[in-house]
Number of protein chains: 2
Amino acid sequence: MEHPHRKLRPREPSDLEDEVEATREAATKAQVFAAAERLFALHGFQNVSVRDITAEAGVNLASVNYHFGSKDGLLFEIFRRRTGELNRERARMLHEAADRDGGAPPLREILRALFEPPLRWSDPRNERRISVQFIIRARSEGTEAMREVLRSDVSHLRRFADALLTARPGLAPEDVYWRLHFCLGMTHNNRFAEFERLHVLSQGLTSETDMEALLERMLDFAEAGFVA
Amino acid sequence: MEHPHRKLRPREPSDLEDEVEATREAATKAQVFAAAERLFALHGFQNVSVRDITAEAGVNLASVNYHFGSKDGLLFEIFRRRTGELNRERARMLHEAADRDGGAPPLREILRALFEPPLRWSDPRNERRISVQFIIRARSEGTEAMREVLRSDVSHLRRFADALLTARPGLAPEDVYWRLHFCLGMTHNNRFAEFERLHVLSQGLTSETDMEALLERMLDFAEAGFVA
DNA sequence: TCGGGGGTCGAACGACCGTTTGACTGAGCA
DNA sequence: TGCTCAGTCAAACGGTCGTTCGACCCCCGA
């Protein structure tokens with residue numbers, strides 16, 4: 001048939017060859033994906049029309065519905081892939097830290113595994129810089145269905161919560177959970193607009209380009225908050 | 001004339017009698033205001049149509065454009081009033097703390113002035129509960145014009161930055177600014193959805209109803225982070 | 001060489017949106 | 001009593017949106 005997103009879509013790449021399939025044939029799909037991610041991150045989901053996306057990508061208007069089923073489907077697929085990548089990188093760092101320290105990594109290393117991946121992506125020289133902004137935006141502007149997934153799927157946070165509970169055995173579990181919540185709030189606030197706002201407030205003292213310095217600042221703050 | 005938002009609107013209440021004018025005559029305006037704030041807070045700006053608002057308020061469709069000029073104008077007016085109230089309450093608390101301590105309030109009292117107002121509003125028994133959610137949402141989903149104001153107007157944060165710089169003289173100013181940024185991130189993350197998410201993760205251990213306990217938790221965390 | 005189907009294209013559909021219009025209402029005042 | 005005008009109302013306008021349709025192209029296997 002023609003439209004892969006109608007009735008049991010034949011030969012669905014199914015999340016695995018997505019990265020490879022951008023060879024030549026489905027270049028259109030990759031271009032739509034990239035353009036949509038960029039525009040969604042910069043202007044928000046509702047403020048970007050399908051026509052904006054296809055114009056930016058230089059493809060036909062019908063491409064979005066052909067390759068992704070719908071505009072919602074496009075948003076969801078970008079979100080699923082990016083959060084998957086981010087969570088995998090975080091889990092890998094946490095796992096490596098656990099290997100280094102016999103299964104019970106110290107507090108700072110747990111927090112580093114939580115903070116570093118999105119910050120490394122946010123480096124101005126990193127092409128994934130826009131992906132972080134997309135994720136942050138999508139978290140609050142996403143579809144209702146997306147927010148349902150977001151609310152119920154906390155599996156990737158389980159490892160971090162457990163590691164923190166182990167690292168701070170003297171702390172009441174609810175305190176650990178709340179402080180993890182605070183740390184997540186710290187990262188979710190790292191949007192372009194907030195950086196600019198801080199830049200204005202500090203009269204140019206703060207710079208949003210040095211992500212390594214920002215990482216250490218966040219670690220200092222959060223680690224002290226957890227030890228309290 | 002008929003439409004107050006066309007050409008130099010006659011007898012504009014001008015931000016002062018807004019609270020009083022809800023006597024009888026302009027009950028429609030107040031109902032639109034309340035319905036819009038609630039719907040915007042719950043579903044977002046773009047997901048709520050003017051028809052949704054007027055239906056919820058039980059008034060005519062044209063009321064929004066008559067009383068507020070446009071849908072954007074309505075959003076902006078709600079945002080301006082609510083943020084004004086919040087900033088005034090924060091400034092008042094900071095001022096009182098300064099009076100108590102001879103002009104240089106201790107770190108924890110500064111942070112309390114920053115955290116407490118929105119948390120007190122968030123109390124389930126407080127009718128302003130929805131206003132906090134509205135503010136947080138509007139901060140990231142607002143109009144471009146609104147975001148421009150948001151980025152350039154940092155006057156209400158100046159007092160807090162200065163107070164923090166005074167309270168932590170040994171700290172590099174840029175560290176103070178960054179840590180203030182972290183604290184703001186902590187408050188901005190206090191959305192309903194995030195509370196539910198944490199509730200799921202902690203398997204019911206955390207409760208979003210006890211705002212006083214949450215305030216102390218946030219103060220413990222942030223104060224320790226600032227002392228580090 | 002021929003047929004089929006994945007992919008692309010222009011064009012249009014139908015729904016919903018924010019906004020505007022002009023008539024109407026009723027209270028306040030001379 | 002008659003005029004004025006802020007406010008309300010039903011109805012419609014013009015535009016944009018996501019989506020769908022049917023024709024078309026071209027590569028690939030038989």
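Below, each value reflects all heavy atoms present in this structure, side chains not excepted, and no hydrogens, waters or symmetry copies. Lettering of chains follows the sequences in order, A, B, ..., and the numbering in each one begins at 1.
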Donor on one side chain, acceptor on other, B:Asn60 and B:Ser63, under 3.5 Å: no
From B:Arg81, B:Arg82, B:Arg137, residue fulfilling salt bridge (charged side-chain N to carboxylate O under 4.0 Å, His left out) relative to B:Glu37: B:Arg82
A:Tyr66 OH to C:dT8 P, straight-line distance once rounded to whole Å: 7 Å
Earlier contact from the 5' end, DNA chain C, for A:Arg51 and A:Asn60: A:Asn60
Under 3.5 Å side-chain donor-acceptor pair for A:Ser202 and B:Glu174: no
Between D:dC17 (C1') and A:Asn47 (CG): distance, integer Å: 13 Å
Nearest-nucleotide pick for B:Ser49, side chain only, options being C:dG18, D:dC21, D:dG18: C:dG18
Mutual orientation of the aromatic rings belonging to B:Phe221 and A:Phe221 [parallel < 30°, tilted 30-60°, perpendicular > 60°]: perpendicular
Nearest-angstrom distance from the residue atom CZ of B:Phe45 to P of C:dC17: 13 Å
cation_pi(B:Lys71, B:Phe45) dist<6.0 Å, angle<=45: yes
Interatomic distance where CG belongs to B:Asp52 and C1' belongs to C:dG18 [whole Å]: 13 Å
B:Ile53 CD1 - C:dC17 P separation (whole Å): 11 Å
Length of the CG-P vector between B:Leu74 and C:dC17, whole Å: 16 Å
Rounded distance in Å - CD (A:Gln31) to C1' (C:dT8): 13 Å
Side-chain N or O of B:Thr28 closer than 4.0 Å to phosphate OP1/OP2 of D:dG7: no
Toward the 5' end of DNA chain D, by each residue's nearest nucleotide, B:Ser63 or A:Lys71: B:Ser63
Length of the CG-P vector between B:Leu61 and C:dT21, whole Å: 14 Å
Closest to side chain of B:His67, choosing from C:dT8, C:dT20, D:dT8: D:dT8
A:Ser70 vs D:dG18: side-chain N/O to OP1/OP2 distance below 4.0 Å: no
